[in-house]
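In what follows, a single structure is set out as C-alpha cells and then discussed.
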2 protein chains.
Amino acid sequence: MEPSAPRRRVTIVDVARHAQVSTTAVSKVLRNAYGASPEMRSKVRRAIDELGYRPHAGARGMRGQTYTIGVMLPDIRNPFFPEVLDGITHALEDTEYQVLLGPGCNGEKAEARVTEAMIDRGMDALILIAPVSRRDHLESVAGAVPTVVVGRHGSSPVYDTVVNDDVEGACLVVGHLVGLGHRRIAHIDHLETDPTRLAEMPNARRADGYRQAMRAHGLAASIDVVSTSYTQEGGYLGAKQLLDRPLRPTAVFAGADVVAMGVLEAVAEAGLSVPGDISVAGYDNTAFAALGPISLSSVDQAGHEIGSNAARLVQDRIADRSRPSVQVRLSPALVPRRTTGRPPAAACDGSA
Amino acid sequence: MEPSAPRRRVTIVDVARHAQVSTTAVSKVLRNAYGASPEMRSKVRRAIDELGYRPHAGARGMRGQTYTIGVMLPDIRNPFFPEVLDGITHALEDTEYQVLLGPGCNGEKAEARVTEAMIDRGMDALILIAPVSRRDHLESVAGAVPTVVVGRHGSSPVYDTVVNDDVEGACLVVGHLVGLGHRRIAHIDHLETDPTRLAEMPNARRADGYRQAMRAHGLAASIDVVSTSYTQEGGYLGAKQLLDRPLRPTAVFAGADVVAMGVLEAVAEAGLSVPGDISVAGYDNTAFAALGPISLSSVDQAGHEIGSNAARLVQDRIADRSRPSVQVRLSPALVPRRTTGRPPAAACDGSA
DNA sequence: TTGAAAGCGCTAACAG
DNA sequence: CTGTTAGCGCTTTCAA
C-alpha cells in the first residue's frame, strides 16, 4: 500500500447539495451571519457533520478572513516566551481563531521574512513578541494587518502594545538588594546602540530602572553597569569583568535569567559562593530560575497575563481597525529565592 | 493618524500590466516553470522588484502549493525541540518554503486540532514532532498531506519517519554508569498504558534499552524502573520513591533531562551530594544540561540532524508522493559531565 | 514561446 | 429569508 491519491476534499458545494440549499446558505451558517432561518441552520449543520466538512482557510481568505493569527517569537529557547504563548492560545482556544507561530528569528532580516510570510498567507492579525525590527518596519506591518507588539516600549498610533513595567521591575530588584544591606550593586545590560531600540527595548528600560533606583537609594556613586549581551555568555563575560574590579560588587543584578546563569558560572569558577560572597538576581522568572539546584531570585513578568492581553487586543482590533491604539502595561513582581542574601560582613564598610 | 485603510496589495495583474505581458507569463516566472524566454523572465523580474510584488500564498494554494510547511511541536518548553526546529528551518532557509509552527499541544485532541488547522490552511507538508496521537490519526493526516513523523518508532507506508535510536542511547548511559562501578542503577520512565504508544514512543524504548543493558551487564536482579512522567515533577516524585528504598540506588538514569532536574532537586532536598552520594544522568542533552552549575551527564540526540533529515524527507515527498516511505534512524552520543562519578565506597558491597 | 480563459473554494453584493 | 452571480489572486489547461 502506497500513499493513496489524496481524496478530493469535501467543499461547500458538496455540503450545499447534500443539504439541498445554496452555497450562500452554507456560508452564512459557517460565519454565523445574518439571514438564515433556524431550520436552515440545523439542516446545514447536519450536512456538515455527515460529510465531515471543514472549510478551506485559504479560500476563505481570498474574500474574508483566514481565521489565523500569527505569533512571532524572537527566540524559542528563551523560556519566558512559552508563558506568553500559553496566555495567547488559552485566550483564543474557544474562538474560531487558530494560532500559528513563526519560527525563532534572530535579527531584523529574519523578522522581516517571517512577518512578510505571515502577511502573504493572509493572517488576520499578528502578535509580535519582543521584535528587534526598526519602528518603521513594525508600522508597515501594522499597516498591512492588525498588529499587537509585545514587550517593547514606546507607542504607535498604528499598533497596540503590551509591556511589562521594566523600570519598576528593576527598582524592585535594587530595593530588595538594598534592603538586604547591599550597596555595591552592579548591573549587566545588553549592549544597545540603535537609538530607537535604546528607547524601546526592555533591556534599556531595566538599565534605566537600575540607575533610577540606585539614585533614589542614595547610591548614585556606586552605579556600575557592564554592557554585554542577554545571553549566558554575556553574563559570564560581564561577571568576569565585575569580579576583577578592585572593589568587587557584593551583588549583581543581571538583566535576564539567562544572563544570571552565566554570572553564576563565573562566580563558581572564581571559587566564590552565592549568596555568601556575592548575591545574584535575574529577570523573567523563567522555569529554570525556580529549579531547586539553582533557585535564582528573579522578577516575574506575568507572561500569561501578557499573552491573554495581547490576544484580547488583537481580537478587538480585528473587530475595529480604526479604533485608536491601546497600550497595556503590567506590573512585575519580585520573586526572592536563594541566590540573594545579606552581603558578607567585611564588605559593609565598603562605602562607609 | 489612525490606522490607514489597508492599501490594496500588488497583484499578479499589476505586475503583468507593468511588464506588458500576460499574467500567465508572470506566473511562469514565479514558479520557474517551463515556457518563458530569458528576456521575458528578466522583464518580469524587473517589474516584480519595481512594484515590490509578493505572491499571495493563499491564492496560490487554491490551485497549486502554498509553499508552507507546518511543524507541530508537542511542548515548546522542552528545550530539545528547538534543536530539531533549527535543523528544519536551517535546511529550508534557502528554499521557497516557509515554516510555520503549531503551538504546543498536549494530548490527542490538541494535536488533532492543530493538524486539521494546518491541512485546512493548505500546507504543502507536515512535520510532526513526537506526536502522541494514535497511529490511525497519523495515517489519516498523512493521507491528506505529505507527512514526516519525528521521534516515534514504528513505520507506516504512508509517512516517513526520523528517529533517534533510543535503545542505544539508554545502553550508552547504563554502560557509562556500570563502567564507573555502579550496580544499583534505577530508571525513571514516563508512565505509558496505551499499547501503540508503548511500542512507538521514545520513552518506552529508553526503558527497554535500560532493561536490555542491565541484563547484558549481568544486573538483571537490580533492574528498578519507576514510572512517573517526563516532567520535572515526575523526576522529583520518582526520585523521592527511589531515595526511600531500603537499599538506595547509587545512580539514577532519568529518561529525559527535565526529569533529571527533578531528581537533582529531590536529591538536594534529601541532603545528598551529586555525584558523591548518587549519580544522575539524563537524556536529550538540552541546553541547560550544559549549564555550569548543573553540568548534567546526558545523551545527545543530534537534534539538528534530526531536523535537517526531516526537512529533506519532506521535500522529497512533496516531489514524489507515491514514493515508498523512508525510515531514518540516527545514533545518539553520550555526553558525560559532572553529575556522574564513581559510586560511594560504602555502596560497593551492596550487591556483593 | 505566448496568452486567453476557465476554474480552485469561498464570501459579498445583490436580486428575488 | 433565500439563491444567483461575480469575483478574490493565482495556476492550469489549451489554442494560437
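Only a predicted model underlies this, so the values are computations on that prediction, with no experimental measurement involved. All values below were derived from every heavy atom in this structure, side-chain atoms included, with hydrogens, water molecules and symmetry-related copies excluded. Note on naming: letters A, B, ... go to the chains in the order of the sequence lines (proteins, then strands), and numbering restarts at 1 for each one.
Comparing atom distances between the A/T23 side chain and each of C/dT11, D/dT12, D/dG9 picks out C/dT11 as nearest. Closest contact between the side chain of A/S27 and the listed nucleotides C/dT11, C/dT2, D/dT2 involves C/dT11. In this structure, of C/dT2, D/dT12, C/dT11, it is D/dT12 that holds the atom nearest to the side chain of B/R31.
Between the CG atom of A/D124 and the P atom of C/dC10 there is a distance of 16 Å, given to the nearest Å. Taking atom NE2 on A/H56 and atom C1' on C/dG7, their separation rounds to 14 Å, with Å as the unit. The CD1-C1' distance, from A/I48 to C/dG9, rounds to 14 Å in whole Å. Note: CZ (A/R60) to C1' (C/dA12) measures 14 Å, nearest angstrom. Rounding to whole angstrom units, CG of residue B/D14 and P of D/dC8 are separated by 11 Å. Between the CG atom of B/L30 and the P atom of D/dT11 there is a distance of 6 Å, given to the nearest Å. Atom pair A/R17:CZ and C/dG9:P shows a separation of 11 Å (rounding to whole Å applied). Per the geometry, CD belonging to B/Q65 stands 9 Å off P belonging to D/dT12, to the nearest Å.
In the interface, the side chain of B/R63 is paired with the base of C/dG7 through a donor and an acceptor atom under 3.5 Å apart.
Using a 4.0 Å heavy-atom distance criterion, A/A33 is classed as making no nucleic acid contact. Here B/T24 lies in heavy-atom contact (under 4.0 Å) with a base.
In terms of modelled atom types and a separation under 3.5 Å, the side chain of A/R317 and the main chain of A/R323 share a donor-acceptor contact. No donor-acceptor pair closer than 3.5 Å links the side chain of A/D160 to the backbone N or O of A/V148.
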Go through the steps to decide whether B/T68 and A/R121 satisfy the test side-chain hydrogen bond (donor to acceptor under 3.5 Å, both in side chains), and finish with yes or no.
CA-CA 9 Å; B/T68 312; A/R121 277 151 190 80; 2.6 Å; yes
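Look at B/Y34 and you'll find a side-chain N or O under 4.0 angstrom from OP1 or OP2 of C/dT1. Put simply, A/T11 has no side-chain N or O that comes within less than 4.0 Å of OP1 or OP2 on C/dG9.
Ionic pairing of B/D120 and A/R9 is present here: one or more N-O contacts between side-chain nitrogen and carboxylate oxygen are shorter than 4.0 angstrom.
Summarising the local packing, CZ of B/R135 is surrounded by more than 12 heavy atoms from other residues, nucleotides or ligands at distances under 6.0 Å.
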